[in-house]
Amino acid sequence: MFDSLVTQAGGKDAAAATIEAATGNSISIGTLTKIKKGDAEVPLLWVWALMDATGNTCFDRYRARKIETAMGADPYALIGETAKEHGEALSWGIKAVQSGDAGDHARAAVEHRQAADKHTEAAESHEVRAVSGPSRVAPSQLKINRKASA
């Protein structure tokens with residue numbers, strides 16, 4: 001998600017300038033590269049600065065979904081959320097292909113990952129209910145070995 005925010009901000013140099021303006025601290029392009037590669041943790045202030053600059057609230061939406069799942073998602077709400085994320089991913093995918101714009105492609109990638117996460121959450125919810133019945137069990141309460149079930 002952070003990589004997409006950097007891309008949407010206009011690349012590493014623009015992202016660094018945005019973060020510096022928001023936090024008042026200078027940052028290294030090398031540190032951004034480490035974070036993008038997954039070799040370093042993302043400072044939350046940097047995420048907030050890039051989300052504010054790009055209008056992409058991907059980390060907030062991710063966190064909201066995790067909190068909701070932990071509390072036990074309503075199956076009907078989960079179906080609606082999955083459909084919404086799926087529609088957004090398709091919409092941005094079409095827009096990106098038609099425009100050829102790198103920013104649109106970056107946004108489409110983010111939307112497709114979010115839709116995939118939501119589809120996974122829905123699949124896990126159904127798996128939980130298949131094993132335990134229609135109770136309100138959170139998907140995180142049952143760990144299914146994907147390799148064994150494949």
Side-chain angles (χ1 to χ4, degrees), residues 1-128 137-147 150:
M1 288 187 297
F2 186 75
D3 187 34
S4 292
L5 285 174
V6 170
T7 300
Q8 290 172 11
K12 291 180 197 171
D13 291 329
T18 299
I19 293 166
E20 288 174 8
T23 65
N25 298 318
S26 62
I27 66 166
S28 161
I29 298 298
T31 302
L32 277 179
T33 300
K34 285 180 184 177
I35 292 170
K36 284 180 63 163
K37 289 181 177 179
D39 296 332
E41 295 293 321
V42 182
L44 197 51
L45 289 175
W46 295 13
V47 169
W48 290 335
L50 293 179
M51 286 192 320
D52 288 346
T54 63
N56 181 347
T57 58
C58 56
F59 279 86
D60 289 343
R61 290 191 313 265
Y62 173 80
R63 185 68 186 141
R65 283 195 308 264
K66 291 301 177 188
I67 291 169
E68 182 177 297
T69 298
M71 294 170 58
D74 172 50
Y76 294 103
L78 184 56
I79 290 167
E81 292 164 11
T82 303
K84 176 185 169 285
E85 292 294 338
H86 184 83
E88 288 175 358
L90 293 175
S91 176
W92 275 100
I94 290 168
K95 181 177 180 176
V97 170
Q98 289 175 341
S99 72
D101 179 71
D104 288 346
H105 279 290
R107 177 69 185 268
V110 168
E111 295 298 335
H112 277 285
R113 289 191 202 305
Q114 290 172 349
D117 289 345
K118 190 53 73 173
H119 279 283
T120 298
E121 184 181 339
E124 290 172 353
S125 175
H126 288 295
E127 289 167 344
V128 167
V137 177
S140 60
Q141 291 176 303
L142 178 65
K143 298 295 181 199
I144 296 175
N145 184 343
R146 292 190 195 294
K147 291 180 182 174

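Just so it is clear, the structure is predicted and the values come from calculations on it, not from any experiment.
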With sequence neighbours excluded, tell me which residues meet salt bridge (charged side-chain N to carboxylate O under 4.0 Å, His left out) with D3.
-> K36
How close do V97 and H105 get, heavy atom to heavy atom, and via which atoms?
-> N-CE1, 4.0 Å
Going by the side-chain hydrogen bond (donor to acceptor under 3.5 Å, both in side chains) test, which pairs reach into residues 48-59, not counting sequence neighbours?
-> Q8-N56, T57-R61
By salt bridge (charged side-chain N to carboxylate O under 4.0 Å, His left out), which residues pair with K84, not counting sequence neighbours?
-> E88
How far apart are the closest heavy atoms of S4 and A106, and which atoms are they?
-> OG-O, 3.9 Å
W46 versus L32: any side-chain heavy-atom pair under 4.5 Å?
-> yes
Between the CG atom in D117 and the OG1 atom in T82, the distance rounded to the nearest 0.5 Å is 10.5 Å
Which residue pairs pass the salt bridge (charged side-chain N to carboxylate O under 4.0 Å, His left out) test with at least one member in residues 93-110, sequence neighbours excluded?
-> R107-E111
With sequence neighbours left out, write down each residue that passes side chain to side chain donor-acceptor pair (under 3.5 Å) with S91, or none if nothing qualifies.
-> none
What residues, two or more places apart in sequence or in another chain, satisfy side chain to side chain donor-acceptor pair (under 3.5 Å) together with H112?
-> none
Heavy-atom nearest pair, E85 first then A115, reads O-CB, 3.6 Å
Of all residues at least two apart in sequence or in a different chain, which pass the side chain to side chain contact (heavy atoms under 4.5 Å, CB included) check with A40?
-> K34, I35
Got a second to check how far H119's NE2 is from L78's CG, nearest 0.5 Å?
-> 10.0 Å
Measure the shortest side-chain to side-chain distance between F59 and L44 over non-hydrogen atoms and say whether it is less than 4.5 angstrom.
-> no
SG of C58 to CZ of R113, rounded to nearest 0.5 Å, is 11.5 Å
Applying side chain to side chain contact (heavy atoms under 4.5 Å, CB included), name anything that partners A53, two or more places apart in sequence or on another chain.
-> T18
Test side chain to side chain contact (heavy atoms under 4.5 Å, CB included) applied to N25 - qualifying residues, sequence neighbours left out | T23
